[in-house]
Protein chains: 2
Amino acid sequence: MKLTAGERDVLRVLESQRRTVSRGTMLRRERDPADGMWVLQSGWAASALGMPDGSRQITKVHLPGDVVGTPGGALNGGVETVSMLTSGIVSPFPRSVLTTVFRDHQRLAALFFVLVQVERVSLSDRIASIGRTDARARVAALLLDLTHRLRLTNPAMEDRLSLPMTQEDIGDTVGLTAVHVNRMMRALADDGLIARGPGSIRLLDEPGLARISGYISRWSSPDTSWLPEPPEDA
Amino acid sequence: MKLTAGERDVLRVLESQRRTVSRGTMLRRERDPADGMWVLQSGWAASALGMPDGSRQITKVHLPGDVVGTPGGALNGGVETVSMLTSGIVSPFPRSVLTTVFRDHQRLAALFFVLVQVERVSLSDRIASIGRTDARARVAALLLDLTHRLRLTNPAMEDRLSLPMTQEDIGDTVGLTAVHVNRMMRALADDGLIARGPGSIRLLDEPGLARISGYISRWSSPDTSWLPEPPEDA
DNA sequence: CGGTAATTTGAAGAGCCTCAACTAGGGTGG
DNA sequence: CCACCCTAGTTGAGGCTCTTCAAATTACCG
């Protein structure tokens with residue numbers, strides 16, 4: 001789909017401001033007032049909920065190119081803690097831009113709608129993974145999910161996944177303890193499904209991983225046939 | 001927030017068609033072509049994913065008034081199976097209406113965007129519940145969630161929750177077996193947190209339920225301050 | 001090169017599942 | 001009108017998965 005000049009202008013505004021953030025930086029804390037979203041230019045981030053007992057659940061791992069903190073665009077209270085898993089660069093996506101988009105760039109607005117739907121499906125898949133599959137399958141599903149998403153922006157990527165998450169992070173994402181994540185990674189390696197290096201993992205048998213995890217790639221191009229026509233450019 | 005005459009017209013079109021459906025009816029199956037969404041006029045429905053081993057995970061329980069099958073509005077393939085938990089009435093929400101809304105009713109489009117964000121937050125909460133709390137807490141959180149949502153449309157509702165889900169349904173929602181759901185309901189009753197009747201439940205101690213489940217009500221009114229102005233009516 | 005964070009491994013126990021049997025209700029057909 | 005059946009709920013026993021706690025090893029960073 002080709003963007004019009006006007007649409008490109010809007011998106012370019014978003015990249016005008018860039019903020020370098022280090023690992024562990026919290027872009028927003030739960031209950032903070034929500035003032036907008038971010039575009040993650042580089043680095044990995046995570047949205048997480050804190051539990052009363054002190055543990056946390058990562059609800060979404062954000063990769064470069066993702067729009068981060070989308071609930072902050074539309075909802076008042078900050079619902080999730082957004083923090084950097086690695087150092088990186090973020091561009092603020094203020095609410096005012098969202099207003100402009102919905103007012104003047106209908107097609108772009110519809111695209112954002114699609115974007116959130118894709119996120120929604122992704123969350124549904126994680127619920128199914130955590131709720132109905134065992135530990136090994138959950139870890140496998142996460143590895144496949146990250147790999148497929150990274151391939152979208154880097155088609156050259158092969159079977160090597162550079163994974164800047166600690167086993168604690170992984171556990172917080174798939175609902176396991178770090179200790180058990182460690183055992184499951186070992187199990188996957190013992191079964192020849194993956195090979196582990198420092199800070200990276202090779203997926204030796206993607207069909208095998210998909211089989212044990214029930215993973216289905218949903219990252220094909222979404223439907224854009226229903227989008228309204230963009231307004232004429234000046 | 002007051003809707004304009006034009007906006008009301010669009011929404012009224014959605015209610016023009018009504019289809020009566022019985023319990024168990026599948027509005028859409030996974031992988032079916034997705035042709036749109038529905039407005040659930042009455043009855044309860046569920047969106048679910050089927051797992052390779054034959055089990056299923058309910059990703060969302062839909063109550064009267066909900067827009068059901070939102071991914072089908074924006075995405076091509078049907079990703080979830082949508083089925084009726086009770087008999088009820090649904091109104092089709094075809095994609096073409098979504099196109100119209102985004103083209104001619106910017107503020108309404110933004111409202112839909114907010115709606116999906118609310119859904120997204122709800123899914124995040126369930127992930128945290130399933131991933132990081134024990135069985136009793138998960139059941140308690142579900143009961144509270146349903147109660148709070150029903151109160152939005154029926155403020156007169158007190159502590160009695162009419163619950164037309166089987167224990168199997170509940171288990172599929174919170175990631176447990178029906179057998180264990182049964183034990184947890186009994187435990188909640190033994191602790192004086194709930195009282196069980198046939199087809200309904202009384203929440204005797206909502207603060208207590210909230211405490212053990214870590215449940216936080218997010219169903220306060222969403223932020224609408226950022227919405228663009230609606231177009232002038234003719 | 002020292003100190004801290006992250007990973008790894010073991011042992012024991014808790015939580016949830018599986019299997020199985022039994023009960024209660026609600027509808028249907030004889 | 002009752003016998004029957006099918007679904008849903010209930011309860012018990014045993015086992016497996018995952019957690020917890022603890023300690024040792026390795027990697028990383030200043």
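Sequence lines set the chain letters: A, B, ... in the order given, protein chains first and strands last, and positions in each chain run from 1. Heavy atoms only: backbone and side chains are in, while hydrogens, waters and symmetry mates are out.
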Practice task
Calculate the interatomic distance between B:Met165 atom CE and D:dT7 atom C1'; express it in whole Å.
Solution key: 17 Å

Problem - Any donor-acceptor N or O pair under 3.5 Å, side chains A:Gln41, A:Ser91 - result: yes

Exercise for the section: Kindly check if the number of other-residue, nucleotide or ligand heavy atoms within 6.0 Å of CZ (A:Arg196) is above 12? Expected result: yes

Exercise for the section: May I ask you to verify if any side-chain N or O of A:Asn182 is less than 4.0 angstrom from the OP1 or OP2 atom of C:dT7? Expected result: no

Exercise for the section: Would you mind classifying the nucleic acid contact of A:Gly171 as base, sugar-phosphate or nothing, using non-hydrogen atoms under 4.0 angstrom? Expected result: nothing

Handout entry: Closest-nucleotide 5' rank along DNA chain D - winner of B:Arg196 and A:Thr133
Key = B:Arg196

Exercise for the section: Check every strand shown and say whether B:Arg138 touches a base, only sugar-phosphate, or nothing at a heavy-atom separation below 4.0 Å. Expected result: nothing

Handout entry: Check: B:Asp172 side chain, B:Asp169 main-chain N or O, donor-acceptor pair, under 3.5 Å
Key = no

Practice task
Whole angstrom is fine here: how far is it from CE in B:Met185 over to P in D:dG9?
Solution key: 8 Å

Handout entry: Rounded interatomic separation in angstrom, taking CD1 from A:Ile130 and C1' from D:dT17
Key = 16 Å

Fill in the blank from the handout: From CD of B:Glu168 across to C1' of D:dC6 the rounded distance in Å is 15 Å

Practice task
With heavy atoms under 4.0 Å as the rule, sort A:Arg132 into base, sugar-phosphate or nothing.
Solution key: nothing

Exercise for the section: Nearest whole angstrom, please: distance from the P of C:dG15 to the CD1 of B:Ile212. Expected result: 14 Å

Problem - Donor-acceptor pair, side chain of B:Arg151 and main chain of B:Glu158, under 3.5 angstrom - result: yes

Fill in the blank from the handout: Considering only heavy side-chain atoms of B:Leu176, the closest of C:dT9, D:dC18, C:dC16 is C:dC16

Practice task
Determine yes or no for a side-chain-to-main-chain donor-acceptor pair under 3.5 angstrom, with B:Ser124 supplying the side chain and B:Arg120 the backbone.
Solution key: yes

Exercise for the section: Grab the CG-C1' distance between B:Asp134 and C:dC17 for me, whole Å please. Expected result: 15 Å

Handout entry: Interatomic distance, A:Gln167 CD vs C:dT7 C1' [rounded to whole Å]
Key = 6 Å

Exercise for the section: Could you tell me the separation between the CE atom of B:Met184 and the C1' atom of C:dC17, rounded to a whole number of Å? Expected result: 12 Å

Exercise for the section: Indicate whether any N or O donor in one side chain lies under 3.5 Å from an N or O acceptor in the other, for B:Arg28 and B:Thr81. Expected result: no

Exercise for the section: Examine distances only and state if a side-chain atom of A:Asp32 and a backbone atom of A:Arg29 form a donor-acceptor pair shorter than 3.5 Å. Expected result: yes

Exercise for the section: Assign a letter to each nucleotide of nucleotides 20-30 of chain D from its 5' end: B, base within under 4.0 Å of a protein heavy atom; S, sugar-phosphate only; -, no contact. Expected result: BB---------

